[in-house]
Amino acid sequence: MTATARQGLSAAEALALPVMFNVWPTVGRACGIGRTSTFALAAKNELPIPIFRVGGQLRARRTDLLAFLGLENSDAAAAVTATASNEHNTETAVQQIEGAR
């Protein structure tokens, strides 16, 4: 069995998350820990952000993760958000143009 390198969570990925998301794999990636450790820490309420149980899922809020990562008020966050918004608008415009053909 070969070990796979864990990839962290980029600022763009963090900012693109939905308002509430599944703890695994997102929080694990942001903290650089694996699945088992993520769930073990969640069970002991020791993850660096608050966790909510929704049905059978463990969920977290994007705002809490962004605060933990230091992205809630940064200039980098604004730049990434603007870029993502422009990309989305461009994709939507292309889809509308292609749909009109």
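Note that the coordinates shown come from a computational prediction; the quantities given were computed from them, not determined experimentally.
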Open item on the list: Once rounded to the nearest 0.5 Å, what's the spacing between atom CZ of R29 and atom CG of L65?
Closed with: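 Between atom CZ of R29 and atom CG of L65 there are 10.5 Å.
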- [ ] Supply the atom-to-atom distance L66 CG to R61 CZ, rounded to the nearest 0.5 angstrom.
- [x] 12.0 Å
Open item on the list: Can you confirm whether L58 sits close enough to N22 that some side-chain heavy atom of one is under 4.5 Å from a side-chain heavy atom of the other?
Closed with: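 When only atoms from C-beta onward are counted, N22 and L58 do not touch, as no gap falls below 4.5 Å.
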TODO: Only counting residues at least two apart or in another chain, list the ones meeting salt bridge (charged side-chain N to carboxylate O under 4.0 Å, His left out) with R59.
DONE: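 Listed in chain order: nothing, the list is empty.
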Open item on the list: With side-chain contact (heavy atoms from CB on, under 4.5 Å) as the criterion, how do F21 and V27 come out once you've worked through the C-alpha distance, each side chain's angles and the decisive distance to 0.1 Å?
Closed with: CA-CA 9 Å; F21 55 88; V27 176; 3.8 Å; yes
- [ ] For L69 and A14, work out which heavy atoms get closest and say how close.
- [x] CD1-CB, 4.0 Å
- [ ] Name all pairs fulfilling the salt bridge (Lys or Arg N to Asp or Glu O under 4.0 Å) condition that reach into residues 14-27, sequence neighbours left out, sorted by first residue then second.
- [x] none
List the atom pairs, with distances to 0.1 Å, where a side-chain N or O of residues 36-56 and a protein N or O form a donor-acceptor pair under 3.5 Å, not counting sequence neighbours.
residue: T38; atom: OG1; partner: G34; partner atom: O; Å: 2.7

